[in-house]
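I have placed the structure first, in the form of structure tokens, so that the comments after it can refer back to it.
Values below: every heavy atom of this structure, side chains too, minus hydrogens, waters and symmetry copies.
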Amino acid sequence: MARIAVIGLWHLGCVVSAGLAHLRHKVAAMDFDPAVVHRLQQGVPPVFEPGLAELIGQQVLAGVLSFHLRAEEVLAGAEYVLITFDTPVDENDQSDLAPLYAAVDAIAAQASGPVHVVVMSQVPVGTCQRLAERLRALAPRLRFALLCQPENLRLGEALRAFLQPDVIVVGAADPAAAENLLRLYEGVDAPRLVMSWQSAEMAKHALNAFLATSVSFANELADLAAAAGADVRDVMRVLRLDRRIGPQAFLSPGPGFSGGTLARDLQTLRLLGERLGRPTPQLDATLAVNAARLPVLVSQLRQLCSDLRGARVGLLGLTYKAGTNTLRRSHALALARLLRQEGSEVRAYDPQVQTPQAETDGIALFPDPYAMADGADALVLATPWPEFKSLDLTRLASRMRKRALLDAHNCLDEQAARKAGFHYGGVGIPEEVQVQVGAE
């Protein structure tokens, strides 16, 4: 059983703390925000994640997980210190590393060593080098090894991703320190890759940039398919059955990528290219395609409704993605802002957003989707919560004034929607194909 300190308790830190305690380590975790710590001491994580509150409660009860307000309480005697802030992103998708520097300052002031300092937060290439230099300058007598273990969690399935990862990546200047870190994950069945700090940092950027590129590719193809009379759903089936691409490929047309994570890594690589004098036309194009997605959806909804001015539009889902209560950079909220600019009245239902928040200003929230549909002219499936697939579409349609339905994720049963009386629109599906399918 290793003694582990965790600094930073938002989504990443909570999952890592609970996960490592589950792997039979002694974990003491802290955050600089007292409100976050107090809530966790009461068993309430700051972000909803399926199974997380239950796992935290189990590990606290077992005496292997605790939450603290002061760095000295978690750093005393720690063999490993994990920096796990969900790196803040500004409006230009650039990382704010201030919390990480604050964590390094706390380690320099309180750690007694020898200690492994593990950076799990998403950081630009070169950050680990700078953090190691800072720690060495602030605490010249501290014996430490700094490692980079880039997180690869996914909101809504983070516990599985942590306990059953596709790969464990460790960036290190000292291979022996990397082997020590990997011992924390004994019993976890996954490939292990050890590389330099820079390679580990770059690998995380590359992974997210590839996923973002796949999303933009699928969306650009969807627009072409609809214009050419092809059905993008059939096209994507072909791609996923090709072993060079695979069934799990990020090829689902929709509103594009959001939440800040993918855009952050794209911008990080673009800024790296600017600094090194290397053009990044592929990354530039990925961002440009993504930026155009919501206006395309607004235009499609306008066609379904005839006119958005004065229209009452209901959003099915508000969160950044299904499986979380996070509204940060949600496409649904951005779409709501565009609709209000068009003169629409916007209302919404989301299973994880039941009370008004600052981000939901101007959006009327409803306790269930059927109440939200009362008197509505149009519905937009904005967040693909699994429970939306089992909605009673006939009941929804019967409560509406008009019956436009934009399925922004192509996850509803199109024929069932048409049978219920909806004027259905999907993404990448030409109007003539939709009419023919609905008539069958």
Measuring only between side-chain heavy atoms, which start at C-beta, is [X] closer than 4.5 Å to [Y]?
X    : Y    : result
C411 : K389 : yes
L316 : P369 : yes
R237 : D234 : yes
P255 : L294 : yes
V117 : Y80  : no
F162 : V188 : no
L251 : R240 : yes
R24  : V64  : no

Quiz item: Is there a side chain to side chain donor-acceptor pair (under 3.5 Å) between R418 and Q415 once you walk through the steps?
Solution: CA-CA 5 Å; R418 291 188 175 281; Q415 294 189 46; over 6 Å; no
Under 6.0 Å from the [atom1] atom of [X], do we count more than 12 heavy atoms belonging to anything else shown?
X    : atom1 : value
R401 : CZ    : yes
D368 : CG    : yes
M120 : CE    : yes
H22  : NE2   : no
F210 : CZ    : no
Q248 : CD    : no

So does [Y] get a backbone contact from the side chain of [X], meaning a donor-acceptor N/O pair under 3.5 Å?
X    : Y    : result
N410 : G426 : no
N290 : G256 : no
H25  : R3   : no
K26  : G63  : yes
Q198 : G126 : no
S344 : L308 : yes
S121 : F85  : yes
S330 : L318 : yes
T326 : Y320 : no
E151 : L153 : yes

Find the distance between [atom1] ([X]) and [atom2] ([Y]) and round it off to the nearest 0.5 Å.
X    : Y    : atom1 : atom2 : answer
S216 : L221 : OG    : CG    : 12.0 Å
M400 : M372 : CE    : CE    : 8.0 Å
R154 : R160 : CZ    : CZ    : 5.5 Å

Does [X] come within less than 4.0 Å of [Y], counting only side-chain N to carboxylate O?
X    : Y    : value
D377 : R347 : no
R302 : E342 : yes
R244 : D242 : yes
E73  : R70  : yes
D265 : K204 : no
R293 : D223 : yes
E414 : R233 : yes

Quiz prompt | Verdict with reasoning, F32 to V37, per side chain to side chain contact (heavy atoms under 4.5 Å, CB included) | solution = CA-CA 8 Å; F32 297 121; V37 176; over 6 Å; no
Exercise. Please assess Q149 against Y185 for the test side chain to side chain donor-acceptor pair (under 3.5 Å), listing each intermediate value before the final yes or no.
Key: CA-CA 12 Å; Q149 186 190 343; Y185 298 94; 3.1 Å; yes
Self-check item: Exercise: do T324 and T319 side chains pair donor with acceptor under 3.5 Å
Solution: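 No donor-acceptor contact under 3.5 Å links the two side chains.
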Quiz item: Do R264 and Q267 have side-chain atoms, one donor and one acceptor, less than 3.5 Å apart?
Solution: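 Judged by distance alone, the side chains do not pair up.
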Quiz item: L207 and N152: side chain to side chain contact (heavy atoms under 4.5 Å, CB included), yes or no, with the steps?
Solution: CA-CA 9 Å; L207 176 62; N152 195 24; 3.4 Å; yes
Quiz item: Can you check side chain to side chain contact (heavy atoms under 4.5 Å, CB included) on L412 and L405, steps first, answer last?
Solution: CA-CA 10 Å; L412 296 177; L405 172 61; 3.9 Å; yes
Quiz item: Passes side chain to side chain contact (heavy atoms under 4.5 Å, CB included), L97 versus T127? Steps please.
Solution: CA-CA 9 Å; L97 300 179; T127 299; 3.7 Å; yes
Quiz item: How far apart are the C-alpha atoms of D31 and W10, what are their side-chain angles, what is the distance that settles it, and do they pass the side chain to side chain donor-acceptor pair (under 3.5 Å) test?
Solution: CA-CA 8 Å; D31 194 276; W10 201 248; over 6 Å; no
Exercise. Any chance you could lay out the side chain to side chain donor-acceptor pair (under 3.5 Å) test for T213 and T286, step after step, and finish with the verdict?
Key: CA-CA 5 Å; T213 301; T286 295; 3.2 Å; yes
